[in-house]
> 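The structure is given below, and queries will be raised subsequently.
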Amino acid sequence: MPQEKQAGMVVLTEVGRLREVVAAARGQGKRIGLVPTMGALHEGHLSLVRASKAECGLSVVSIYVNPTQFGPSEDLDRYPRNLESDLDQLRGCGAEVAFVPSNQTMYPEGCSTWVEPGEVAGPWEGECRPGHFRGVATVVLKLLNMVQPDVAYFGQKDYQQARVVRKMVDDLNVPVAIHTCPTVREPDGLAMSSRNRYLDSDARQKALVLWRSLCVARETAARGERDAATIVARMRKTILAAEGASIDYAALADPETLAPVVRVDHPAVALVAVNIDGTRLIDNLVIAPP
Ligand code: AMP
């Protein structure tokens, strides 16, 4: 794709040019923000771009469907891609740079070094999607090295991913601040996700059980229930009320380590991954005892 300049936003595909644009902005004393995405942008993504715009003089948004974080039987081939609409939305938000690398740019032939995240990547998504966080950590570190931002923005929607990224940055002394932004939801509570595009109207309705189950967890804990198994049982019942819903996991975990908790004596994160008519959705909510 040719490099183009459109209405104030530059669309870049090569690392060399990206580094020049970032260096010029840094030379003007600007803070650099990075928002990594896989495109098919929605308000959740745009909230991260706005957070970056509020804090940084140059906001780089990467759009790259990273093949190494998809398992062999996952939805890489059919993952929604709509570059023109994505670029329009980014222009609307005032992003300065869209970075849209090719597979060849991200993983040139012979590329053979990986980031292997530790324990925080073990349970939940780590168990259901072997190799997923290795792919995520690797591509995020590569993007951080390409852009060298002051701040990188991630969504709470992918709670475990944000933890994995923070831990990687701490463990590997990457000089960047990680900001985690709240989950943006539809008015009825469904967390915005590119994969919501897979849902027909029936599945869209059923998908509300994820948010409902998290609210049940929050309310049950707020009423004083401390036993995690009891709370999780109520979450599962709420999810399984949707015909055809199948649970990958419904759990309460430590907000830092993501290890399962037995009692909710401190804040915990409620995590759910549910298949609705063939679409796998995840959501989470931090809950606390009264
Ligand atoms: P993705 O394109 O799905 O890889 O997401 C790119 C970034 O947007 C990740 O940091 C996500 O956590 C974040 N994100 C996705 N959906 C939402 C949402 N509904 N609210 C806030 N952030 C989100």
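All values below were derived from every heavy atom in this structure, side-chain atoms included, with hydrogens, water molecules and symmetry-related copies excluded. Ligands are counted one by one from 1 in listed order, and the atoms in each one are counted from 1 as well.
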> What's the spacing between K157 NZ and L48 CG if we round to 0.5 Å?
11.5 Å
> Tell me which part of P182 gets within contact of ligand 1: side chain, backbone, both or neither, using heavy atoms under 4.0 Å.
backbone
> Would you mind checking if R163 and D254 are paired as a salt bridge, meaning a charged N to carboxylate O distance below 4.0 Å?
no
> Identify whether NZ of Lys or CZ of Arg in R166 sits under 6.0 Å from the centre of the six-membered ring of F154 and within 45° of that ring's axis.
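Not flagged: R166 not positioned over aromatic ring of F154.
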> Does the N or O separation between L48 and ligand 1 drop below 3.5 Å for any pair?
no
> Considering only non-hydrogen protein atoms, determine which one is nearest to atom 22 (N) of ligand 1 and report residue, atom name and distance to 0.1 Å.
G155 CA, 3.5 Å
> Looking at E43 and R50, is any side-chain nitrogen of the basic one under 4.0 Å from a carboxylate oxygen of the acidic one?
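Salt bridge flag = yes for E43 with R50.
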> Would V65 end up clustered with Y107 when hydrophobic side chains under 4.5 Å apart are linked, directly or stepwise?
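Each belongs to a different hydrophobic cluster.
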> Is it the side chain (CB and beyond), the backbone, both or neither of R185 that lies under 4.0 Å from ligand 1, heavy atoms counted?
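Neither part.
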> By number and element, which atoms of ligand 1 are closer than 4.0 Å to a non-hydrogen atom of T37?
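Near T37, the atoms of ligand 1 are 2 (O), 6 (C).
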> Considering only heavy atoms of P36, which atoms of ligand 1 have at least one such atom less than 4.0 Å away?
6 (C), 7 (C)
> For ligand 1, is there an N or O atom under 3.5 Å from any N or O atom of Y153?
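Not met; the criterion fails.
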> If the contact criterion is a heavy-atom separation under 4.0 Å, does Q156 count as touching ligand 1?
no
> Heavy-atom contacts with H42 under 4.0 Å: which atoms of ligand 1 show up? List them by number with element.
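Per the distance check, 15 (C), 16 (N), 17 (C).
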> Taking NZ, NE, NH1 and NH2 as the nitrogens, is one of them in D248 or R129 under 4.0 Å from a carboxylate oxygen of the other?
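Salt bridge between D248 and R129, a charged N being under 4.0 Å from a carboxylate O: no.
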> Provide, to 0.1 Å, the distance between atom 20 (N) of ligand 1 and the closest protein heavy atom, together with that atom's residue and name.
V184 N, 2.8 Å
> Return the CE to CD distance between M146 and E14, rounded to the nearest 0.5 Å.
10.0 Å
> Name the closest protein heavy atom to atom 17 (C) of ligand 1, giving the residue it belongs to and the distance to 0.1 Å.
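Going atom by atom, the protein heavy atom closest to atom 17 (C) of ligand 1 ends up being K157 CB, 3.6 Å.
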> I need the K167 NZ to T257 OG1 distance, nearest 0.5 Å.
10.5 Å
> Among all protein heavy atoms, pick out the one at the shortest distance from atom 4 (O) of ligand 1; state its residue, atom name and that distance to 0.1 Å.
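For atom 4 (O) of ligand 1, the nearest protein heavy atom is M38 CG, 3.6 Å.
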> Is the count of non-hydrogen atoms from other residues, nucleotides or ligands lying under 6.0 Å from E74 atom CD greater than 12?
yes
> Please check if the side chain of D265 supplies one atom and the backbone of P289 the other of a donor-acceptor pair under 3.5 Å.
no
> Below the 3.5 angstrom mark, is there an N/O of C181, backbone or side chain, next to an N/O of ligand 1?
no
> Which atoms of ligand 1 sit under 4.0 Å from any heavy atom of M192?
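By the 4.0 Å cutoff, the relevant atoms are 16 (N), 17 (C), 18 (C), 19 (N).
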> What protein heavy atom sits nearest atom 11 (C) of ligand 1, and how far away is it?
D158 OD2, 3.1 Å
> So which protein heavy atom does atom 1 (P) of ligand 1 come closest to, and at what separation?
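Result: H45 NE2, 3.6 Å.
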> With atoms numbered from 1 as shown, which atoms in ligand 1 lie under 4.0 angstrom from a non-hydrogen atom of F154?
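Numbered from 1, ligand 1 contributes 10 (O).
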> Quick one: look at A162 and ligand 1, take heavy-atom pairs under 4.0 Å, and tell me if it's side chain, backbone, both or neither.
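The answer is neither; A162 stays 4.0 Å or more away.
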> Pick from L214, L210, I247, V216: which one makes a side chain to side chain contact (heavy atoms under 4.5 Å, CB included) with I239?
I247
